[in-house]
Structure formats: C-alpha cells, structure tokens
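Below: the structure, in structure tokens.
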Amino acid sequence: AFADVVGEVLALFTTPSDPLLTCEEVRTIARQALQTHDGGFQHPDIAPLVPKPDAPNTYVLELFHGPTQAFKDLGMAVLAHILQHILAKQ
C-alpha cells in the first residue's frame, strides 16, 4: 500500500533508537496520516495511477484525492503528524 511505501522511505531517515522518532513510529505515523477514511484521502489507493483513455501506454498520477484536493496533501499530512509526535515527546 502507498502508506507502507511512504513509511519505509521515511524510516531510512531515522534510526531504531532515535529518541524523538524511531523507524517503527514513522511507519505508524505514515499509515495514520495517509488513511482513507475519517476525512482523509478519498481514494483507496491514495494516489492512483490512472490510464489516459485517449493515449495508449500513458498514465496520470492523480494527486488530488486528499482532504483539500491538492497535491500538497500527500506531504503535509505526514509532516503534520510527525511534528505533532515530536512535540508531544518534548
């Protein structure tokens, strides 16, 4: 799933023993931030790759299924959850 891929990529930037954000915590945060219910993302794939009907072998990555229907939802949703998590630990 998309949220799992995001969690794995972000986990590369932390360590299991990091006092503010462990690898497992960042994976959990990514799954929570990129949920597809409760006002989150409106498509089960979060950012679906959709074939373009008028162009063979051409696809469009739809980045507008977030709460504000803008591409920024993908990054800002995760960033906001990470910042909340770090501030709660301090």
Side-chain angles (χ1 to χ4, degrees):
F2 186 79
D4 295 326
V5 173
V6 171
E8 290 303 317
V9 170
L10 291 177
L12 296 173
F13 296 95
T14 187
T15 62
S17 61
D18 190 316
L20 292 177
L21 188 65
T22 66
C23 296
E24 192 53 41
E25 288 171 335
V26 79
R27 290 181 187 107
T28 300
I29 289 169
R31 282 192 298 273
Q32 290 171 346
L34 297 172
Q35 62 187 340
T36 57
H37 55 81
D38 296 331
F41 289 83
Q42 304 304 315
H43 194 283
D45 294 333
I46 299 171
L49 189 61
V50 179
K52 203 170 171 208
D54 59 341
N57 298 319
T58 303
Y59 297 83
V60 175
L61 184 62
E62 294 182 347
L63 304 176
F64 56 84
H65 294 285
T68 68
Q69 298 180 345
F71 71 94
K72 66 178 176 54
D73 290 332
L74 291 168
M76 293 307 294
V78 177
L79 179 61
H81 279 79
I82 288 173
L83 291 175
Q84 285 177 334
H85 177 82
I86 292 172
L87 287 173
K89 281 191 165 185
Q90 292 184 338

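Keep in mind the model is a prediction, meaning the values are calculated, not measured. Hydrogens, waters and symmetry mates are skipped; everything else that's a heavy atom, side chains included, is used.
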- [ ] Answer yes or no: are there more than 12 heavy-atom neighbours, outside Lys52 itself, under 6.0 Å from its atom NZ?
- [x] no
Task: Heavy atoms of other groups near Asn57 CG, more than 12 under 6.0 Å - done: no
- [ ] List for me each residue that meets ring pair (Phe, Tyr, Trp, His ring centres under 6.0 Å) alongside His43, sequence neighbours excluded, and say none if there are none.
- [x] His65
Task: Which residues share a ring pair (Phe, Tyr, Trp, His ring centres under 6.0 Å) with His81, sequence neighbours left out - done: none
Could you pull out the closest heavy-atom pair between [X] and [Y], with the gap in Å?
X     : Y     : result
Thr22 : Glu25 : N-OE1, 2.8 Å
Ala3  : Ala30 : O-CB, 3.7 Å
Cys23 : Pro16 : SG-N, 3.6 Å

Quick check on the hydrophobic clustering: are [X] and [Y] connected, directly or via other members, by side-chain heavy-atom contacts under 4.5 Å?
X     : Y     : value
Met76 : Val6  : no
Leu49 : Phe71 : yes
Phe13 : Val26 : no
Leu83 : Val9  : no
Leu61 : Phe64 : no

Are any non-hydrogen side-chain atoms of [X] and [Y] less than 4.5 angstrom apart?
X     : Y     : result
Phe41 : Leu34 : yes
Gln90 : Leu20 : yes
Leu74 : Ile46 : yes
Ile29 : Leu21 : yes

- [ ] Hey, could you give me the CG/CG distance between Leu79 and Leu10, rounded to the nearest 0.5 Å?
- [x] 10.0 Å
Task: Linked hydrophobic residues, Leu87 as query - side chain contacts closer than 4.5 Å - done: none
